[in-house]
Structures are given as structure tokens and as C-alpha cells.
There are 4 protein chains.
Amino acid sequence: MPRTPTENERIRRATTEQILKTAMTLFCEKGYYSTSIDDVAKQAQISKGLLYHYFKGKEDLLAALVDLRINDVLVVMNAAVAKTTPAEQIQHIVEGALEDVSRQPEVFRFYLNLFTQPRLDPVVAKYSQKLMDEQARQFEIQTEMFVRLGVAEPRQRSLYFSSTLQGIMLMFSTYPNSFPLEKLKAEAIAEFCNHG
Amino acid sequence: MPRTPTENERIRRATTEQILKTAMTLFCEKGYYSTSIDDVAKQAQISKGLLYHYFKGKEDLLAALVDLRINDVLVVMNAAVAKTTPAEQIQHIVEGALEDVSRQPEVFRFYLNLFTQPRLDPVVAKYSQKLMDEQARQFEIQTEMFVRLGVAEPRQRSLYFSSTLQGIMLMFSTYPNSFPLEKLKAEAIAEFCNHG
Amino acid sequence: MPRTPTENERIRRATTEQILKTAMTLFCEKGYYSTSIDDVAKQAQISKGLLYHYFKGKEDLLAALVDLRINDVLVVMNAAVAKTTPAEQIQHIVEGALEDVSRQPEVFRFYLNLFTQPRLDPVVAKYSQKLMDEQARQFEIQTEMFVRLGVAEPRQRSLYFSSTLQGIMLMFSTYPNSFPLEKLKAEAIAEFCNHG
Amino acid sequence: MPRTPTENERIRRATTEQILKTAMTLFCEKGYYSTSIDDVAKQAQISKGLLYHYFKGKEDLLAALVDLRINDVLVVMNAAVAKTTPAEQIQHIVEGALEDVSRQPEVFRFYLNLFTQPRLDPVVAKYSQKLMDEQARQFEIQTEMFVRLGVAEPRQRSLYFSSTLQGIMLMFSTYPNSFPLEKLKAEAIAEFCNHG
DNA sequence: AATGAATGAGACTTCATTCAT
DNA sequence: CATGAATGAAGTCTCATTCAT
């Protein structure tokens with residue numbers, strides 16, 4: 001007797017999630033190239049065939065993870081936009097981003113690694129590009145906040161802000177054990193969220 | 001009559017350099033994993049066998065490049081240390097680092113990519129670690145500069161400085177065409193090189 | 001619907017056996033080093049990938065064959081031990097061993113070749129050692145038979161017996177066409193199976 | 001100023017011998033296939049080019065060693081033939097052969113290994129065959145000794161004798177440390193050198 | 001006589017992907 | 001939905017041999 005459609009749907013969702021979670025873990029641990037499809041299937045406790053039933057291939061796995069990442073970042077940005085004053089908005093960006101990286105430094109590290117992938121890598125480059133494009137899009141929104149904040153050169157200030165924030169995230173994800181994240185967060189907020 | 005040792009030495013040097021240069025170019029373009037030994041040999045216009053005559057393997061190629069990189073960074077730091085006032089020292093770090101990245105953004109990007117490699121990648125991790133260790137060593141020297149500068153919390157300030165600098169380099173190497181490097185350099189110098 | 005476990009087991013067994021049989025044949029014909037994995041796969045009519053699915057590598061193939069060999073020899077020895085009188089036991093060793101070599105002289109020759117492999121061969125030595133260890137173990141059992149037979153110096157006699165038997169096998173496998181195996185078998189039995 | 005022809009001749013001889021000695025050592029230690037030309041040249045402290053100046057290739061090295069071996073065995077046989085009674089002749093074969101193997105068990109082991117090489121090994125087989133042919137030739141001479149000794153079936157007896165002798169050598173070279181060579185030598189002489 | 005840089009064929013192995021069931 | 005046997009392209013590396021000097 002066949003399973004009900006609802007039951008099937010539930011199984012599908014659970015399996016997909018299980019695969020993605022495993023892939024994320026392994027990619028973070030060993031990197032995209034050093035993780036084999038076999039590794040993912042074994043760790044996810046499913047057969048290789050089933051993995052290919054859910055994803056077109058290894059690359060498709062990466063694509064799905066990148067989409068998830070883009071969505072995560074988007075959520076932070078949307079919440080920031082919803083704030084009323086530009087100072088609060090920028091503060092929320094800082095806090096959201098740093099909270100994210102502090103929860104899972106290896107995950108951030110993995111996406112940063114993807115982000116810095118050489119431009120011609122035949123497989124990975126397009127996802128790297130996708131991340132960059134999304135970041136560029138969000139940068140425009142962020143610059144608008146600095147405009148509203150009334151700084152002299154908002155675009156340049158926005159860039160400087162992004163650089164500092166990215167730099168903090170980079171360094172924290174590199175030395176997660178000894179990095180005083182809270183203190184630097186305070187320092188960044190103090191520097192960028194006030195004006196006049 | 002065999003070639004003279006001097007002549008052999010000359011040949012060895014030239015070939016080694018040719019190989020390393022080619023490897024660097026290809027790794028920057030396509031990434032370590034997507035570049036094959038065959039690619040390197042072909043592009044360097046030598047046989048695969050000769051490449052293995054000079055380097056133990058693909059990994060050894062990477063090791064040699066990492067050593068070169070570490071040396072490059074060291075040169076900047078040593079020049080900075082030679083300056084007399086701490087303000088000049090820090091300024092030299094900013095200028096040296098940014099000059100370096102602006103000359104060859106893809107090279108910096110490649111090393112940053114290596115730097116952010118997952119910790120368990122069976123091949124690449126150890127070179128990633130080597131870069132991190134060297135950076136940590138230099139960080140101590142830099143912190144001493146902030147001590148001499150007389151800032152309140154020198155270690156934290158040094159970290160914040162590194163974060164900003166790394167962030168600028170990261171963003172510039174990501175968007176080399178539109179990034180106003182000179183302006184952000186000025187902004188960073190203004191922020192970190194004065195006190196009182 | 002996936003294949004049943006039983007069906008898979010059947011397929012695995014058949015393929016494994018096919019591979020081992022082919023490897024044995026080729027190793028006997030051309031030797032371990034002159035037989036390539038490609039040769040084995042082609043002759044076994046499977047892909048190289050499948051071969052690696054079943055065996056970890058070329059060396060693993062050799063290991064499996066050595067284990068089979070050790071088992072074969074063990075069977076003869078166990079049957080010998082089961083006999084009641086020591087004379088019958090020794091006779092059974094002679095007959096078992098010679099029957100084995102006469103059926104497949106090249107196989108015996110191959111194992112003898114392995115057996116005489118230089119001690120430091122980086123790959124083959126360990127299997128050579130394994131064969132030697134097993135032979136030493138069986139030698140002890142055989143010596144016990146000569147003790148029961150009541151000869152003066154049983155250990156020495158057992159060694160002399162082994163030497164003669166091994167020598168006959170060596171020579172037969174070298175000149176299988178002209179060697180009067182039956183007659184020498186009779187001569188050996190006459191010499192070693194009586195006493196008093 | 002060029003070297004004198006005599007001087008050159010001396011150098012040539014010394015170098016050739018050095019190469020052969022090194023090759024023999026390495027082949028015995030690691031086997032023919034696991035020894036590279038590079039190994040031989042390095043150990044012999046000459047350049048690869050020079051090695052190829054003296055020998056056509058790796059195979060030629062093996063050929064030279066096999067010729068040396070054949071000559072060694074021939075010397076023993078000729079000395080045996082020079083004895084007056086057949087019993088003395090056979091005794092000399094036993095003593096000569098066992099003295100040889102006891103002096104350099106690994107060398108004997110190496111030739112035995114060559115001797116048992118599969119018939120179709122594309123490189124090694126022809127030298128294996130050469131050794132076998134020479135052994136067959138000498139077997140005829142030895143059989144004549146048993147004829148003169150007056151045994152019933154001289155050819156069969158000669159074969160049985162060879163088997164025993166080869167077997168002792170095989171076992172001794174396998175367990176050189178614990179094998180009571182002298183005692184088995186005595187046992188063999190007692191068995192084969194008397195008749196009447 | 002002597003060197004060692006250079007070559008290239010071919011070996012072993014991995015792994016993303018497909019397919020029969 | 002699910003399995004794992006099977007494929008083959010591509011990668012890393014070794015090594016006998018040649019060649020310019």
C-alpha cells in the first residue's frame with residue numbers, strides 16, 4: 001500500500017533538509033572540493049541514488065546552500081530597513097551580522113571562502129558571483145541609510161563601514177576563541193551610528 | 001663535458017621561477033583545486049616530468065607560493081618597524097598593505113581564499129594555518145606600536161585596526177574596479193595614525 | 001524499488017570472484033608488477049572504477065589472493081592432521097602438496113615467486129612475510145608428526161622433508177612438461193613415511 | 001691533457017664494477033621492479049647519464065648480473081667435474097652450492113626469485129629462461145655422474161637429488177638465521193654420495 | 001668520460017554521475 | 001521513494017630513457 005501524498009511530502013522535506021544540513025557541515029569542515037558526494041550521502045545516511053533524486057548534482061547542492069545564505073543575509077537587512085532612524089538601522093546591521101558570525105563562525109568562513117574564490121573557477125565562480133551581486137544590492141540600501149544619517153560622503157562612508165564590518169567578521173571567524181567580539185562591536189557602533 | 005654547475009644553477013633558477021609564476025597565475029585565475037598539474041606544465045611550456053623534477057607535487061607548489069607570500073608580508077612589516085614614530089609605523093603598514101593589494105588584487109584574493117579555507121581540508125589547511133600563524137606573529141608587533149602611540153586599550157585598538165585594514169583589502173579585491181582605494185586609505189590613516 | 005540485498009550479495013560475490021580469478025591468471029602469466037589494473041579490469045570485462053569499488057587497490061588484490069592461498073594450504077594440513085598414523089599424515093602432506101602443484105604449476109610458481117621476493121620490496125614484502133609465517137606455523141605441526149614417527153632428530157628430519165618436498169615442487173613447476181612427478185612422489189613417500 | 005688509454009681502461013672497469021655491485025645490492029634488497037635507475041646511479045655515486053654510457057638500460061643491467069650468476073654456477077660445476085670419483089663429484093656440487101648460498105643468501109634468493117618469474121613477464125622472462133636453460137644443461141652433466149655411480153635409475157635419482165638440493169637452498173635462504181645448514185648438508189651427502 | 005635537465009608514456013587512483021531494479 | 005552496482009573521464013605521480021653540453 002502506497003504512502004499518502006502528505007506523508008510523501010513530509011519525507012521529501014525531511015530528506016532534503018537532512019542532505020543540505022550534512023552538505024553544509026561537510027563543506028564547512030573539509031571544503032567543497034575535498035568533500036565527495038559519497039561523503040555526503042554516507043553521512044546523511046542515504047544512498048547516492050537518492051541524493052541524485054533530490055539534487056541534480058554536487059553543484060546543485062552548493063547552489064541551494066548559497067540561496068539559503070542569501071536569504072539569511074536578506075532577513076537581517078530587511079529587519080534593519082524596518083527600523084525608524086538610520087542610526088538604529090545601521091546598528092541593527094552590525095548586531096545582526098555579528099550575531100550571525102558569532103553563532104557559526106565556520107559557516108561564515110565557508111561563505112567568505114566561496115566569496116573569495118577565483119573568478120574563473122569553472123564550478124564555484126558563479127555562486128561566488130551570486131553572493132557578490134547580492135552584497136552589492138544590499139550595499140545600495142545601506143548607503144541610503146548613511147545618506148539619511150547626514151554624513152558628508154555617504155557612499156564612501158558606507159564603504160568604510162562595510163569594510164570594517166567585513167574585516168571584523170573575517171578576523172573573528174579566523175580566531176573565534178580569542179577575539180573580543182563584543183568590544184569591537186561596541187567600538188564599531190560607537191563609530192558609525194552617531195552623527196552630529 | 002658536462003654543463004658547469006653555474007650554468008645548471010642558472011637553468012634551475014629560471015625554470016623554477018617560470019613554474020612558480022605560472023602556478024601563481026593559474027591558481028589565482030582558477031583556484032588551487034581547479035588547476036591541474038597538466039595545466040601548469042603546459043602553460044609553463046615544460047613537461048610534467050620536469051615539473052616533478054623541481055617540485056615534489058602539487059602541494060609542494062602551493063607551499064613554495066605560501067612561503068613567498070609570507071616573505072612579502074614580512075618585508076612590509078620590517079620596513080614599518082624601521083620607522084621612528086608609531087604613527088609613521090602604522091601609516092606604513094596601511095600604505096604597504098594597500099599598495100600590495102592594489103597592485104595585484106587577484107593575488108591577495110587568492111591568499112585570502114587560502115586563508116579562509118576550512119580547517120580540515122586535507123591538503124590546503126596546513127598552508128592556511130601557516131598564513132594565520134604568521135599573521136598572529138605580526139599582530140603582536142603591531143600591537144606594540146599602538147602601545148607606543150599611547151591609546152587606551154592598545155590590543156583592542158590594534159585588532160580594530162587590523163579588522164578595518166583587512167576589510168578594506170577584502171572589499172577592494174572583490175570590487176577592484178569601483179572601489180575608491182585612495183580615499184579609504186586616507187580615511188583609515190586619519191583614524192588610526194593620530195592620537196591626542 | 002531497489003534490488004534486494006540477496007540479489008546485491010549475489011552480484012557482489014560473482015564480480016569479486018571474477019576479478020580475483022582474472023587477477024590470479026594475469027599475475028601468474030605476467031607477474032604482479034607487469035600486470036596493470038587496467039589489464040585486470042579489461043580482462044575481467046569491468047570498468048576500472050568497479051574494480052576499485054571492490055578492492056582498495058592493486059595491493060589489496062594481492063592480499064586477497066594471498067589469503068586464499070594460505071587457506072588452500074591450511075586445508076591440506078588440516079586433512080593431514082586428521083589422519084591417524086604419522087606415516088599417513090606425512091604421506092597426505094606429500095600427496096596434497098604435489099596434487100596441488102601438479103594441477104596448477106603456474107599458480108604455485110607465482111606464490112613461490114612471491115615467497116622469494118626481496119625483504120624490502122615496499123609493496124610485496126608484507127605478503128611474502130605472511131606466507132612465510134604461515135609456513136613456519138605449519139612446520140611446527142609437521143615436526144610433531146615426525147616426533148610421533150619416532151625418528152632420531154625429528155626437527156632436522158622435518159626440515160629435510162620440507163626441503164625435499166619444496167624442492168620437488170620448485171622443480172616441477174619449473175619444468176612441468178618433462179618432470180616425472182609421480183615417480184618422485186613415490187620416492188619421497190618411500191623415504192619419509194617409513195621408520196624402523 | 002687527456003688521460004692515457006690505460007688509465008681510461010682502469011676507470012671503465014672500476015665504474016662498471018661499481019655499478020653492477022650497486023645494482024646487485026639494490027635488486028636483492030628491493031627487487032628489480034622496485035629499484036629505479038635513479039636509485040642505482042645515486043647509490044653508485046655516478047650520474048644517470050654515465051650509467052647509460054655503460055649499460056644500454058635497466059634490462060641490460062639485469063642481463064649482466066645473470067651472466068655473472070651463470071658463470072658462478074659454472075665454476076662450481078667445472079670444479080666438480082674435475083674430481084675423479086662420482087661420489088666426490090656429487091659431494092662437491094652439494095658443498096659448492098651450499099657454500100654459495102650460505103655466503104649470500106639474499107643473492108641466491110634474488111636469482112631464485114628471477115627463476116620463478118612468470119613466463120610472460122615482458123622484461124624479466126628471458127633472463128629467467130636463460131637461468132633455466134643453463135640449469136638444464138648442467139643437469140645433464142650431473143645425471144652422468146649418477147650413471148657412473150651405478151644407481152638404478154640415474155636420471156630420476158639425479159632429479160631427486162637436484163630437488164633436495166634446491167629445496168635446502170630455498171629453505172635456507174628463507175630462514176637463514178635458524179636453518180641448520182651444516183646438518184642438512186651432511187644428511188644430503190650421506191644420502192646421495194654413497195652407493196653400494 | 002661525465003652531468004643532470006628534460007621528456008612522455010603509462011601507472012595508480014578518485015569521483016561525479018548514471019542505471020537497472 | 002530508494003538502493004548501490006557500474007562507468008569513464010580526468011587527475012596525480014613515477015620512471016626509463018634521451019640530449020645538450
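Chain letters run A, B, ... following the sequence lines, proteins first and then strands; every chain starts at 1.
Using modelled atom types, one finds a donor on one side chain and an acceptor on the other under 3.5 Å when comparing C:Tyr33 with C:Asp121.
Note on A:Ile37: a base of the nucleic acid sits closer than 4.0 angstrom, heavy atoms only. Within the nucleic acid shown, D:Lys48 comes within 4.0 Å of at least one base atom, counting heavy atoms only. Among the atoms of the strands shown, only primed sugar atoms or phosphate atoms (P, OP1, OP2) are found under 4.0 Å from some heavy atom of C:Thr15. As judged by a 4.0 angstrom heavy-atom cut-off over every strand, A:Thr35 is placed among residues touching the sugar-phosphate backbone only. Among the heavy atoms of the strands lying under 4.0 Å from A:Gly49 is at least one base atom, whether or not backbone atoms are also near. Residue-level contact check: D:Leu50 touches the bases, meaning some heavy atom is under 4.0 Å from a base atom.
Using Watson-Crick or G-U wobble geometry with both donor-acceptor distances under 3.5 Å, E:dT21 finds its partner in F:dA2.
At F:dC1, one or more side-chain N or O atoms of A:Tyr54 fall inside 4.0 Å of OP1 or OP2 (strictly under the cut-off). Of the side-chain N and O atoms in D:Ser36, none sit less than 4.0 angstrom from OP1 or OP2 of F:dT14.
Closest to the side chain of D:Tyr52, from the set F:dT7, F:dT18, E:dA20, is F:dT18.
Note on ring orientation: taking the six-membered ring where Trp is involved, the planes of C:Phe27 and C:Phe110 are tilted (angle from 30° to 60°).
A:Lys130 and A:Glu134 are not joined by a salt bridge, as no carboxylate oxygen comes within less than 4.0 angstrom of a charged side-chain nitrogen.
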